[in-house]
Amino acid sequence: MGEVVMFSEEELREMSGVKRGVDHIEVTCGCTSHRYGDAVGRLRVFMNGELEITCECTPGCQEGTLSPSLFEKHSGRETARKWKNNVWVIVNGKKVPLCKTVLLKYHNEASKNANAAQRSQNGRASHRDEFVCCTRCNKERRFRLRTKEECRVHHDAAADVNWKCADLPYDKITCDDEEERASRRIAAAKLALTSPEMLNLES
């Protein structure tokens, strides 16, 4: 069988360690810990949106295949739980966060479809808020998914590899604004799931 064409030659031209497989592409990746340094691995990107990393941090590493979040944790990264920012690939000789590359295109699309298909017990749509990383300041910004229009806005932003804070349509945010705290995100997510808008949103 031939190689799958998931990304163009131009999109991957300056990326290090690119290999094309039958149903995936593979690139060199890593995650940096201030205490332990760089943990290096091989990232596989599949057309169904799945991402897996084979850890190569040491010759005797027994971790095998990990999800990006588990690879981030395994690397000893101090600010874990932000793997889209912390896991990097090498583009033109520089470390670039995954959220600033085209490699998350299929993952973001699969996440969008999963959210659209997710339903609560009463049969109505159950959407959660999502976040998109700014390509300038590297901060994650919240996208509300209460209406079809808001879902469309998030979809367009997730697909835009050059998205920045100033592009957020309904909140006037700049790169100088602070990133939302994790505790605020959890509280907002709980509130969203019980809001009248959420209960009344049809699929």
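Between F131 and W163, the gap from one ring centroid to the other reaches at least 6.0 Å.
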Legend entry - side chain to side chain contact (heavy atoms under 4.5 Å, CB included) between S8 and V102, intermediate numbers included: CA-CA 10 Å; S8 68; V102 298; over 6 Å; no
Inset, instruction - List the steps, then state whether side chain to side chain contact (heavy atoms under 4.5 Å, CB included) holds for L43 with L98. - result: CA-CA 10 Å; L43 169 67; L98 282 179; 3.7 Å; yes
Inset, instruction - Determine, step by step, whether L51 and L104 satisfy the side chain to side chain contact (heavy atoms under 4.5 Å, CB included) criterion, reporting the C-alpha distance in whole Å, the side-chain angles of both residues, the deciding distance to 0.1 Å, and the verdict. - result: CA-CA 9 Å; L51 303 170; L104 295 183; 3.7 Å; yes
Inset, instruction - Go through the steps for T174 and C165 under the test side chain to side chain contact (heavy atoms under 4.5 Å, CB included), then give the verdict. - result: CA-CA 5 Å; T174 69; C165 293; 5.6 Å; no
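With sequence neighbours excluded, no residue forms a side chain to side chain donor-acceptor pair (under 3.5 Å) with K139. Residues passing the ring pair (Phe, Tyr, Trp, His ring centres under 6.0 Å) test with W88, sequence neighbours excluded: none. With sequence neighbours left out, Q62 forms a side chain to side chain donor-acceptor pair (under 3.5 Å) with no residue at all.
Residue K19 qualifies as open at atom NZ: its count of foreign heavy atoms under 6.0 Å is 12 or below.
Taking hydrophobic clusters as Ile, Leu, Val, Met, Phe, Trp and Tyr residues chained together by side-chain heavy-atom distances below 4.5 Å, V87 does not share a cluster with F46. Note: the hydrophobic cluster containing I90 does not contain F71 (ILVMFWY, side chain heavy atoms under 4.5 Å, direct or indirect links).
Residues D177 and R141 are not paired through a salt bridge, judged by the lack of any N-O separation under 4.0 Å between the basic side chain and the carboxylate. For the pair R20 and E9, the salt-bridge criterion is met [side-chain N within less than 4.0 Å of a carboxylate O].
To the nearest 0.5 Å, the span separating CD1 on I173 from SG on C137 amounts to 9.5 Å. Annotation: the span from C151 atom SG to D156 atom CG amounts to 11.5 Å, rounded to 0.5 Å. To the nearest 0.5 Å, atoms CD (E72) and OG1 (T32) are separated by 11.5 Å. Note that the CD atom of E11 and the CZ atom of R13 stand 11.5 Å from one another [nearest 0.5 Å]. Within the model, atoms CD of E130 and CD of E140 stand 10.0 Å from one another, a figure rounded to the nearest 0.5 Å. Note that SG of C29 and NZ of K95 are 12.0 Å apart. Values are rounded to the nearest 0.5 Å.
Checked by atom type and distance alone, the side chain of Y106 pairs as donor or acceptor with a backbone atom of M6 at under 3.5 Å. When atom types are taken as modelled, the side chain of D38 and the backbone of V40 share no donor-acceptor pair closer than 3.5 angstrom. For D167 (side chain) and K164 (main-chain N/O), a donor-acceptor pair under 3.5 Å exists by modelled atom type.
Contact annotation: the side chain of Y36 never approaches that of S75 to less than 4.5 Å [non-hydrogen atoms, C-beta and beyond]. Taking 4.5 Å as the limit, some side-chain heavy atom of K84 sits within range of a side-chain heavy atom of H107. No side-chain heavy atom of R44 sits less than 4.5 Å from a side-chain heavy atom of I53. Side chains of P97 and C133 form no contact here, defined as non-hydrogen atoms less than 4.5 Å apart. Using a 4.5 Å cut-off on side-chain heavy atoms (C-beta onward), L103 and M15 make contact. In this structure, C61 and H74 have side chains that are in contact, with non-hydrogen atoms separated by less than 4.5 Å. R77 places none of its side-chain heavy atoms less than 4.5 Å from the side chain of W83. V89 has its side chain out of reach of T28: every pair of non-hydrogen atoms, C-beta onward, lies at least 4.5 Å apart.
In summary, the side chains of H24 and E52 do not present any donor paired with an acceptor at a separation below 3.5 Å, with no hydrogens or angles considered. Defined by atom type and a distance below 3.5 Å, a donor-acceptor pair is missing between the side-chain atoms of N162 and T135.
Nearest heavy-atom pair across C99 and N85 is SG-OD1, 3.2 Å.
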